[in-house]
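Pasting a structure below so you can have a look.
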Amino acid sequence: MSFFSLHFSKKPRRLFVVIGLGLTTIMSNSAIGYVKTASSDAKSTGNNGQPISSTVVIDKVFVDKSDHILQLLSGDKVIKSYRIALGDSPVGHKQQQGDERTPVGAYILDYKNENSIAHRSIHISYPNAADKARARSRGVHPGGDIMIHGQMNGFGHLAWINQQRDWTDGCIAVTDNEMDEIMAAVKVGTSIEIVE
């Protein structure tokens with residue numbers, strides 16, 4: 001084997017090792033950043049990772065799109081907060097099907113879906129009468145199927161990456177474990193308020 005072929009065959013291997021190490025470093029730093037953010041969010045809201053007591057009645061869900069926070073409330077008391085991902089185009093009220101916006105307004109959580117394309121989901125009653133009228137006046141379809149849901153089926157292990165960006169088509173996404181907790185705590189018919 002010539003020096004050239006021996007030298008050439010080792011360079012690509014080194015390049016792949018360097019690229020692999022670089023990607024590992026980036027992913028590790030992202031994971032650490034996510035854990036720190038999740039930890040500080042839990043501390044700032046007083047969650048401390050405690051489960052929701054079965055005696056607590058959640059009577060409202062509040063979503064602040066600009067802060068990327070979903071809160072479960074009992075009366076005026078915040079029981080639990082979650083960091084959320086929104087639609088790919090999160091600013092503004094949903095206007096029509098395909099705009100990838102998360103709606104703004106007062107709605108009802110009207111049914112639970114155990115056979116969702118994402119890990120469990122609760123449907124938000126968008127579009128309401130005003131949403132339908134607005135879309136009709138513009139000659140567009142208002143869209144629908146807006147949910148609070150977990151990660152896409154089969155991708156729950158990637159939540160630490162996914163939840164750092166807005167990635168849904170207009171839904172509100174949490175981790176799979178968080179979705180399990182929300183499903184257990186929130187009853188069908190609970191009101192949800194979504195603000196900018």
Side-chain angles (χ1 to χ4, degrees), residues 37 41 45 57-76 78-156 158-159 161-196:
T37 301
D41 285 348
T45 59
V57 175
I58 302 300
D59 53 18
K60 183 176 182 178
V61 175
F62 179 78
V63 174
D64 187 324
K65 288 171 50 172
S66 61
D67 284 342
H68 284 78
I69 296 291
L70 179 149
Q71 296 176 325
L72 303 182
L73 290 91
S74 182
D76 292 333
V78 175
I79 302 302
K80 195 95 180 224
S81 293
Y82 305 90
R83 178 110 177 107
I84 57 172
L86 300 167
D88 279 335
S89 180
V91 178
H93 180 58
K94 184 164 190 64
Q95 301 293 316
Q96 67 185 57
Q97 185 171 334
D99 66 7
E100 299 187 333
R101 289 184 179 162
T102 303
V104 174
Y107 299 95
I108 299 294
L109 297 172
D110 55 4
Y111 68 86
K112 294 181 180 184
N113 184 357
E114 294 289 353
N115 298 308
S116 175
I117 62 169
H119 179 76
R120 307 177 83 189
S121 61
I122 303 176
H123 184 259
I124 298 169
S125 64
Y126 173 90
N128 60 24
D131 297 321
K132 291 175 185 174
R134 186 181 311 108
R136 196 169 34 254
S137 72
R138 297 176 67 230
V140 297
H141 188 284
D145 290 331
I146 303 298
M147 309 271 192
I148 301 171
H149 62 68
Q151 303 297 295
M152 298 306 287
N153 289 329
F155 294 92
L158 295 176
I161 295 173
N162 290 339
Q163 292 304 105
Q164 293 185 53
R165 62 184 178 85
D166 291 320
W167 59 271
T168 76
D169 288 335
C171 294
I172 298 165
V174 294
T175 69
D176 291 353
N177 289 339
E178 291 167 341
M179 192 64 222
D180 290 341
E181 186 171 58
I182 292 167
M183 288 284 272
V186 176
K187 292 185 174 12
V188 169
T190 301
S191 65
I192 179 169
E193 180 182 0
I194 307 169
V195 300
E196 269 307 330

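Counting from 1, the numbers follow the sequence of the chain as shown. As the structure is a computational prediction, the values presented were derived from the model and not from experiment.
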For H141, which residues count as a side-chain contact (heavy atoms from CB on, under 4.5 Å) partner, sequence neighbours excluded?
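Here the qualifying residues are Q97.
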
Backbone N or O of H93 within a donor-acceptor pair of the Q95 side chain at under 3.5 Å?
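Confirmed, Q95 side chain pairs with H93 backbone.
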
Of all residues at least two apart in sequence or in a different chain, which pass the side-chain hydrogen bond (donor to acceptor under 3.5 Å, both in side chains) check with H119?
D180

Taking the side chain from K65 and the backbone from P90, do they hold a donor-acceptor pair closer than 3.5 Å?
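Yes, K65 side chain to P90 backbone: donor-acceptor pair under 3.5 Å.
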
Let me see the working for H68 and D166 under side-chain contact (heavy atoms from CB on, under 4.5 Å), right down to the final yes or no.
CA-CA 9 Å; H68 284 78; D166 291 320; 2.9 Å; yes

S116: partners by side-chain hydrogen bond (donor to acceptor under 3.5 Å, both in side chains), with sequence neighbours left out:
S121

Which residue pairs satisfy the ring-ring contact (aromatic ring centres under 6.0 Å, His included) criterion with at least one member in residues 177-196, sequence neighbours excluded?
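Residue pairs with at least one partner in residues 177-196: there are none.
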
Give me the atom names and distance for the closest heavy-atom approach of S66 to D64.
OG-OD1, 2.7 Å

Kindly indicate whether the side chain of H123, heavy atoms from C-beta on, has any atom under 4.5 Å from the side chain of N113.
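A side-chain contact is absent here, since even the closest heavy-atom pair is not under 4.5 Å.
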
For F155, is the CZ atom crowded, meaning more than 12 foreign heavy atoms sit under 6.0 Å from it?
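It does not: F155 CZ has 12 such atoms or fewer within range.
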
Got E178 and K80 here, is their nearest side-chain heavy-atom distance under 4.5 Å?
no

According to salt bridge (Lys or Arg N to Asp or Glu O under 4.0 Å), does anything in residues 96-105 pair up with another residue at least two apart or in another chain? List the pairs.
K94-D99

Rounded at 0.5 Å granularity, tell me how far CG in D131 sits from CZ in R136.
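Rounded to the nearest 0.5 Å, the CG-CZ separation comes to 11.0 Å.
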
Going from CG on D110 to CD1 on I124, what distance comes out if it is rounded to the nearest 0.5 angstrom?
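Reported to 0.5 Å precision, the distance equals 9.0 Å.
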
Residues which pass ring pair (Phe, Tyr, Trp, His ring centres under 6.0 Å) with F62, listed by chain and number, not counting sequence neighbours
none

Examine distances only and state if a side-chain atom of Y126 and a backbone atom of P142 form a donor-acceptor pair shorter than 3.5 Å.
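Here the side-chain-to-backbone pair exists.
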
Pairs in or reaching into residues 169-196: which pass ring-ring contact (aromatic ring centres under 6.0 Å, His included), with residues at least two apart or in two chains?
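Those involving residues 169-196 do not exist here.
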
Beyond-backbone contact of Q163 with R83, side-chain heavy atoms, under 4.5 angstrom:
no

For residues 185-193, dump all side-chain donor-acceptor pairs below 3.5 Å to protein atoms at least two apart in sequence or in another chain.
from	atom 1	to	atom 2	distance (Å)
T190	OG1	K187	O	2.6
E193	OE1	K60	NZ	2.6

Contact list for residues 161-196, test ring-ring contact (aromatic ring centres under 6.0 Å, His included), sequence neighbours left out
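Qualifying pairs, neighbours excluded: H149-W167.
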
Verdict with supporting geometry, V63 and I148, side-chain contact (heavy atoms from CB on, under 4.5 Å):
CA-CA 10 Å; V63 174; I148 301 171; 5.7 Å; no

With sequence neighbours excluded, what pairs up with N162 under the side-chain hydrogen bond (donor to acceptor under 3.5 Å, both in side chains) test?
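Testing N162 for side-chain hydrogen bond (donor to acceptor under 3.5 Å, both in side chains), a comparison that skips the adjacent residues, returns Q151.
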
What is the distance from atom CG of N115 to atom CZ of R120, rounded to the nearest 0.5 Å?
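Here the interatomic distance stands at 10.5 Å.
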
Does CG belonging to L158 count more than 12 external heavy atoms closer than 6.0 Å?
yes

Any donor-acceptor N/O pair, S81 side chain to Q71 backbone, under 3.5 Å
no

Check whether any side-chain heavy atom of Y82 sits under 4.5 Å from a side-chain heavy atom of L72, and report yes or no.
yes

Write down the atom of G170, the atom of P103, and the distance for their closest heavy-atom approach.
O-CD, 3.9 Å

Have a look at V61 and tell me which of L73, L109, I172, I122 forms a side-chain contact (heavy atoms from CB on, under 4.5 Å) with it.
L109

Once side-chain hydrogen bond (donor to acceptor under 3.5 Å, both in side chains) is applied, do any residues pair with D88, and if so which ones, sequence neighbours excluded?
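D88: no side-chain hydrogen bond (donor to acceptor under 3.5 Å, both in side chains) contacts found.
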
Among residues at least two apart in sequence or on other chains, which ones pass side-chain contact (heavy atoms from CB on, under 4.5 Å) with V140?
Q96, A135, R138

